[in-house]
Amino acid sequence: MSTKEQNERIELLQGTLDLLILRTLVRGPVHGHDIVKQIQFNSDDVLQVEQGSLYPALHRLIKRGWISAEEGTSQNNRRAKFYRLTAKGRKQLTIETSKWDKLAGAIARILRPSEQESK
Amino acid sequence: MWWRRRRILEDLDSEIREHLELEILDNIDRGMSPEEARYAALQKFGNVTQIKEETRAVWTFVRLEQLLHDFRLALRSLRKSPGFAITVVMILALGIAANVIVFGVLQGVVLRTLNVPHPEQVMTLQPRSGVPFISHPEMRDVRDGNTAFSAVAAWRPNDCGIEANGATRSAWVSQVSGQYFEVMGIKPLLGRLLERADDAHPGASNGAVLSWTEWKNNFGADPHVVGTTIRINKYPYTVVGVTPEGFKGTEKVGEFAAFVPMANQATLDGFDWLESRKTHAFFSIVRLKQGVSLTQAQAELDTIAARIAREYPNDEDGLALKLARPGLLGDFFGGPIRAFLAGVMGLAGIVLLAACANLGGLFAARTADRSREIAIRMSIGSSRWRVVRQILVEAVVISLFGAAAACVLAWSALSGLAAWEPPGSLPLRFPVTPDPSLILFAFAISLVAAVVFGMMPLKQIFKTDPNDVIKSRGIQFPAGRRWAFRDLLLAVQIALCFVTVTAAFVSLRGLQKSFSMDLGFNPQNAIRTEFDLGKAGYARDAATDQLQRQLLERVSQFPGVEAAGYSHTTPLDLSGSRVSIFAQETTDFRPSQKAFESFYYRVSPGYLAAAGMPLIAGRDVSFADTTETPKVAIVNEEFARRLFRSERAVGRYFKTGAGLPIQIVGVMADGKQDQLSEDPSPALFFPISQNGDTKTVLVIRTHRDTTEIVGAIRGAIRDLDPGVPITASGPWQSQLAMVLLPSQVAAAALGVFGAFGLLLSIAGTFGLASYTVSKRLRELSLRVALGAGAKEILSVALGRMMVVLGIGSLAGIALGVGASRLLAIIVYDATAQDPFVLAAVGLTTVVTGLIAVAGPVKRVLHVDPANLLRQQ
């Protein structure tokens with residue numbers, strides 16, 4: 001199977017999938033299967049998405065108006081649905097990213113206080 | 001939003017399929033076999049159905065949508081089995097309708113309060129025992145001596161002749177004392193109501209207040225009616241006001257045309273009773289002061305009653321008054337009516353319960369049949385709760401249809417009852433016009449019922465293991481091996497149904513007996529004509545006597561008249577008069593010294609013969625008995641037995657409160673006086689020539705055609721005085737209908753419940769029997785194949801069913817016999833120990849059982865093993 005060992009894989013945190021989807025769509029429209037593939041690839045296969053959960057997440061984002069869906073053709077020349085970041089979604093991505101940075105920073109400070117002091 | 005959602009969701013299925021295919025391709029690229037690749041892709045994706053649900057859930061209030069979906073599914077599955085649907089809806093509709101109708105009557109007759117402000121403060125005074133009347137001076141003493149009541153009034157209904165716009169009609173008028181409308185606390189629609197000044201002294205006022213109904217129906221809702229003159233029993237009255245719509249006086253089942261001051265009582269009754277302490281002829285009505293409790297008021301009332309008794313020992317000895325809820329002749333009929341309605345409500349509840357047990361059984365059987373479908377749904381990811389909800393929704397859908405059908409049934413029944421005018425001259429109306437709140441009631445009980453019977457199959461569902469079910473062929477409920485919940489349900493249901501059946505038979509038997517009982521008089525071939533000369537301005541004097549005698553002479557000469565006579569009242573006409581009887585040697589005429597009370601009649605010569613009352617000893621009264629000759633009377637055997645412990649009474653004496661000895665000149669047979677269900681009561685017949693009365697009931701015995709003779713009688717009365725309004729004239733038999741009414745109502749109500757109970761028990765037994773047989777068809781076929789005979793097969797297939805049926809019906813009959821003691825209050829001679837009733841119920845049980853299991857038995861007997869083997 002893939003390169004990483006089973007125990008090094010991490011289940012996604014609740015809510016982070018939305019952020020990752022938005023980030024994945026920055027480079028242009030992507031279809032469903034490619035989104036999970038890219039997330040896994042870009043995280044060196046550390047992040048494991050239960051692939052099915054992608055779809056409720058996509059629909060949540062569409063409902064909020066952050067992404068839109070359009071028809072397109074996949075690599076193997078089949079009709080497929082492509083998801084594209086909207087202007088609103090792009091703005092949201094910035095917000096969400098900075099939120100995430102703050103959160104990650106905060107958690108890091110809590111977990112490694114000594115390192116912070118030694119810097 | 002909607003269009004967007006639909007477009008996106010439409011593609012969801014294909015999108016997921018696409019996703020999985022891509023993943024499989026990727027996996028193959030990674031070197032997996034196609035099988036492995038597919039398996040890995042599906043595992044990585046998760047539960048497809050669940051993901052789809054979740055995705056849809058993003059767009060909707062998913063619960064609502066699922067519920068809607070469940071509803072649609074329920075409707076579809078009911079449409080697929082219309083027989084089942086119609087059966088259950090009908091069963092439920094009848095069960096609910098029974099409850100709604102009874103509740104409607106209960107609401108109208110018992111629960112609904114008087115239509116006046118603060119009805120909870122309005123009470124009536126009545127003696128602690130006996131009829132709910134007090135005397136006018138008693139009312140006055142309470143009125144003037146209390147601190148607990150803000151107003152105290154008396155009223156008395158009178159059947160009067162009202163003359164307005166050139167026509168005389170017979171109508172009910174209420175004479176009311178000065179504070180009556182203060183007790184009511186209502187505002188007039190037009191003009192003013194009667195006040196204290198109107199009742200200050202006789203002749204103080206000739207003002208009359210019309211009721212809204214009267215004003216609407218007979219005065220064309222004339223806005224200028226105030227000031228017009230009408231005549232009541234020939235006396236002129238001026239209309240001073242109209243009561244507001246919805247005010248019907250203080251009786252729930254009666255309505256009055258007009259209200260007049262009580263000070264004019266003598267002109268209405270032809271006899272002055274206002275100062276008589278012995279004439280207990282008045283209803284009372286009081287309003288409690290704000291903040292005074294019933295206990296406080298009752299305590300004060302006790303003190304006042306004791307004081308009155310002390311002050312007037314001769315008349316008021318032992319006076320005790322109590323406060324009671326007004327509305328049903330004070331509280332006189334309150335007890336029996338409430339008991340009867342509570343009993344019927346109980347029966348209606350039983351019917352509904354039985355219906356629920358029935359539907360529960362059907363539902364359980366249906367769920368068992370659908371076990372495969374349910375197992376499949378669970379194995380593809382449906383939660384148990386979802387399945388349960390589906391069943392419950394189906395139950396609710398059925399019960400909603402049931403409730404709607406029940407409302408239609410109940411509406412027509414109650415409207416019919418509300419519009420019905422009971423026979424007889426009493427102003428009876430049943431205030432049971434259906435109220436919209438009944439719809440709520442219907443739907444509320446339908447939902448409760450749905451939950452009750454919908455819950456019954458739940459255990460089955462929770463025990464279902466999809467694997468087992470799909471491996472085998474349906475849930476193998478051990479039909480026939482263990483006692484199941486269903487059997488218990490059936491037994492309970494049959495027991496409940498037979499309670500209603502027994503009650504129905506008891507009341508029908510009572511009714512049948514009351515038709516053939518000995519009344520002590522013979523209403524067949526008798527024409528009864530009732531009128532009151534008081535309504536035409538006559539008093540108890542020579543003019544009255546003369547007119548009555550002239551009329552008797554004329555009708556006696558009609559061809560075909562076998563006997564004729566008149567009395568001031570006749571037995572069983574609901575207005576029986578009573579008098580206290582004292583022994584001859586008594587000199588102390590206080591009420592407590594009386595020997596007993598007797599019904600009395602003022603009769604003319606010939607009346608006893610015309611009424612078919614057999615004289616046993618002595619002579620009839622005669623016009624030769626006058627006020628100048630010694631007082632005489634005829635008594636019945638019960639009277640003689642009570643006073644002399646012997647039926648030989650002719651020539652002996654007794655006294656009434658007046659103190660004069662009265663000689664008994666005749667003895668006659670006992671008969672019914674007031675009610676069909678009464679024990680023999682004493683009765684007394686005075687010659688009307690010694691005790692005149694304007695109330696006249698002419699009885700003619702003849703075999704001639706009714707219409708012809710009634711026409712002739714009316715003509716004769718018109719010839720003598722065209723101003724006499726005739727209250728009723730026709731066959732005595734039909735005028736007695738009112739007396740039979742309680743029995744008839746009871747028999748009708750209970751008969752309907754009984755029939756319904758029977759239907760339910762047949763349906764329930766049939767349903768379960770066919771279900772058992774069809775579930776065990778395989779086993780039974782095997783038995784037949786192995787050589788079992790018809791008898792064995794039957795006992796195996798339906799033996800236990802019969803045990804259930806037997807136990808259930810025996811328990812039901814036992815309960816029914818116990819319950820019918822209650823019935824004895826209403827229905828003449830109602831007893832369940834009657835061999836006829838027991839035989840009828842027993843026979844019904846057997847016949848019901850046979851009808852119900854006939855189909856399944858036939859099926860069992862025609863089991864063909866070859867057929868089954870072919871199907872396998």
Side-chain angles (χ1 to χ4, degrees), chain A residues 1-4 6 9-12 14-15 17-18 21 24 29-41 43 45 47-84 86 88, chain B residues 1-66 380-383:
Chain A
M1 274 182 84
S2 337
T3 47
K4 293 283 170 183
Q6 203 69 26
R9 291 177 177 164
I10 296 171
E11 294 278 314
L12 270 184
Q14 186 77 38
L17 181 58
D18 291 7
I21 294 170
T24 309
V30 186
H31 69 80
H33 185 246
D34 260 3
I35 297 178
V36 256
K37 254 170 87 181
Q38 286 192 26
I39 290 176
Q40 268 161 256
F41 182 77
S43 71
D45 277 346
L47 292 179
Q48 283 298 308
V49 182
E50 195 205 23
Q51 298 193 353
S53 61
L54 176 71
Y55 290 91
L58 284 172
H59 282 254
R60 240 180 347 254
L61 295 175
I62 294 172
K63 195 178 171 193
R64 287 178 192 154
W66 296 349
I67 65 174
S68 62
E70 58 190 46
E71 296 291 323
T73 329
S74 66
Q75 303 104 304
N76 50 356
N77 276 331
R78 293 236 209 133
R79 214 170 56 97
K81 192 170 271 172
F82 281 76
Y83 298 91
R84 170 198 291 281
T86 61
K88 205 172 158 191
Chain B
M1 192 55 109
W2 277 90
W3 58 267
R4 201 162 55 145
R5 171 202 150 182
R6 279 194 63 171
R7 215 189 53 207
I8 292 167
L9 284 177
E10 265 168 19
D11 295 338
L12 189 61
D13 286 1
S14 63
E15 196 178 359
I16 288 176
R17 215 178 310 121
E18 182 84 352
H19 182 120
L20 287 172
E21 273 168 30
L22 288 172
E23 185 67 22
I24 292 167
L25 287 178
D26 282 2
N27 285 346
I28 291 176
D29 284 351
R30 288 190 195 114
M32 292 187 200
S33 71
E35 234 101 306
E36 274 177 320
R38 165 165 284 275
Y39 182 73
L42 279 170
Q43 204 181 27
K44 222 170 174 187
F45 193 86
N47 185 331
V48 176
T49 323
Q50 209 177 335
I51 299 274
K52 283 184 196 168
E53 286 266 275
E54 273 175 42
T55 311
R56 283 196 197 97
V58 170
W59 293 100
T60 49
F61 300 106
V62 68
R63 281 171 193 287
L64 212 66
E65 176 149 296
Q66 283 178 349
I380 57 169
S382 176
S383 69

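FYI, side chains are in, hydrogens and waters are out, and symmetry mates aren't considered; it's all heavy atoms of this structure.
Within the 4.5 Å cutoff, the side chain of His59(A) has heavy atoms near those of the Leu12(B) side chain.
Tyr55(A) and Phe45(B) have tilted rings, their planes meeting at an angle from 30° to 60° on a 0 to 90° scale.
If you measure heavy-atom distances from Asp26(B) to chain A, the contacts under 4.5 Å come from the side chain alone. Contacts of Glu21(B) with chain A are made by side-chain atoms alone, with heavy-atom separations under 4.5 Å and no backbone atom involved.
Tested against His33(A), the residues Glu23(B), Glu15(B), Glu18(B), His19(B) include a single side-chain hydrogen bond (donor to acceptor under 3.5 Å, both in side chains) partner, Glu23(B).
More than 12 heavy-atom neighbours from other residues, nucleotides or ligands sit within 6.0 angstrom of CD on Glu70(A).
The heavy-atom pair separating Pro56(A) from Ile51(B) by the smallest distance is CD-CG2, 4.0 Å.
Residues forming a side chain to side chain contact (heavy atoms under 4.5 Å, CB included) with Gln43(B) (at least two apart in sequence, or on another chain): Tyr39(B).
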